[in-house]
Amino acid sequence: MKKVLFALTAACCLAGAGCKTADVETKPASEAKKLALAERAIGADIIEAFRQDSYEKLQPYLSPEIKDQFSETQFADKTAEIRRGLGEISEYHYLTALEAPVFKSQIWKVTFVRKNRDGSEVTQQVLFRLVTGELDGKPVTVGFWFI
């Protein structure tokens, strides 16, 4: 039994030994930096839209598919729900981008402040994830979540 298990483990290790990662199209550094800055600006603007309860500020970043699924009324309901549960956004900070073959996930730290039942101030931090893709050389929003 031990010999069979060892043989299977060795076969699995050797099976991947000849693998090559897929070639990834690279962009010039200046172009990649411009795209990253544009993606960060989108993240900041979307968080500000929630902070200001402004669907108008959010709307330019919504694809037609997302607009169909996330109307102004739904946005107002969602911001009200966030305020009830977490409070008001007091600050936010970009943390990192997670690379993937097609999409990028930006991770932001968002700080909320609210009053507790006894009147004391409660601070709570959550993560905000923004997923973007690229269309015609420009970033497009695929989705976003407070997590």
Side-chain angles (χ1 to χ4, degrees), residues 8-147:
L8 287 174
T9 303
C12 289
C13 290
L14 292 174
C19 292
K20 178 184 173 197
T21 58
D23 292 329
V24 177
E25 181 182 326
T26 58
K27 298 179 185 298
S30 62
E31 187 179 329
K33 188 173 183 175
K34 285 180 187 176
L35 184 61
L37 290 173
E39 290 167 339
R40 277 177 141 179
I42 291 171
D45 283 351
I46 289 175
I47 294 170
E48 275 297 324
F50 278 97
R51 181 186 223 174
Q52 298 170 14
D53 196 15
S54 173
Y55 188 77
E56 187 175 305
K57 189 172 188 81
L58 176 70
Q59 197 171 15
Y61 303 109
L62 300 179
S63 67
E65 297 82 17
I66 294 176
K67 282 180 187 176
D68 290 343
Q69 298 171 10
F70 198 55
S71 69
E72 188 168 1
T73 303
Q74 291 169 313
F75 174 74
D77 291 345
K78 182 51 86 177
T79 55
E81 178 185 325
I82 290 169
R83 282 194 171 89
R84 277 191 306 274
L86 299 172
E88 299 290 330
I89 296 173
S90 63
E91 63 182 313
Y92 52 89
H93 301 282
Y94 172 81
L95 297 177
T96 192
L98 305 174
E99 299 290 330
V102 178
F103 302 109
K104 289 183 185 172
S105 290
Q106 291 181 38
I107 307 297
W108 295 71
K109 178 174 69 172
V110 181
T111 303
F112 290 86
V113 177
R114 64 178 170 81
K115 294 287 183 187
N116 206 353
R117 290 183 182 153
D118 65 4
S120 63
E121 192 172 271
V122 176
T123 301
Q124 183 172 350
Q125 295 177 324
V126 299
L127 296 176
F128 176 77
R129 178 180 178 205
L130 169 66
V131 178
T132 58
E134 189 178 335
L135 184 64
D136 299 326
K138 296 180 182 179
V140 293
T141 301
V142 177
F144 47 86
W145 306 266
F146 284 99
I147 50 177

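Positions are given from 1, in the same order as the sequence printed here.
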At their closest point, which heavy atom of Val113 faces which heavy atom of Ser90, and how far apart are they? CG2-OG, 3.5 Å
So which atom in Gly143 and which in Ile66 form the shortest heavy-atom distance, rounded to 0.1 Å? N-CD1, 4.3 Å
Beyond-backbone contact of Leu95 with Leu127, side-chain heavy atoms, under 4.5 angstrom: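 Leu95 reaches Leu127 side chain to side chain.
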Gap separating the [atom1] atom of [X] from the [atom2] atom of [Y], nearest 0.5 angstrom:
X	Y	atom1	atom2	value
Thr111	Tyr92	OG1	OH	11.5 Å
Thr141	Phe144	OG1	CZ	7.0 Å
Phe112	Phe50	CZ	CZ	9.0 Å
Glu91	Ile47	CD	CD1	11.5 Å
Leu130	Ile42	CG	CD1	7.0 Å
Arg40	Thr132	CZ	OG1	12.5 Å

Residues which pass side chain to side chain donor-acceptor pair (under 3.5 Å) with Asp68, listed by chain and number, not counting sequence neighbours: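 Partners of Asp68 by the side chain to side chain donor-acceptor pair (under 3.5 Å) criterion come out as none, since no residue qualifies.
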What pairs with Tyr61 under side chain to side chain donor-acceptor pair (under 3.5 Å), at least two apart in sequence or on another chain? Asp45
How would you list, by chain and number, every residue that makes a side-chain contact (heavy atoms from CB on, under 4.5 Å) with Gln74, sequence neighbours excluded? Phe70, Ser71
Tell me every residue that passes side-chain contact (heavy atoms from CB on, under 4.5 Å) with Val131, counting only those two or more places apart in sequence or in another chain. Phe103, Ser105, Arg129, Val142, Trp145
Looking at Lys78, I'd like to know if its NZ atom is crowded, meaning that more than 12 non-hydrogen atoms belonging to other residues, nucleotides or ligands lie closer than 6.0 Å. no
With salt bridge (charged side-chain N to carboxylate O under 4.0 Å, His left out) as the rule and sequence neighbours excluded, what pairs involving residues 53-63 come up?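 Passing the test, one end in residues 53-63: no pairs.
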Pairs in or reaching into residues 92-117: which pass salt bridge (charged side-chain N to carboxylate O under 4.0 Å, His left out), with residues at least two apart or in two chains?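 Found Glu39-Lys104.
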Under 3.5 Å, side chain of [X] to main-chain N/O of [Y], donor-acceptor pair present?
X	Y	answer
Asn116	Asp118	no
Arg51	Glu88	no
Thr96	Ile107	no

Ring geometry between Tyr94 and Trp108 (parallel below 30°, tilted from 30 to 60°, perpendicular above 60°): perpendicular
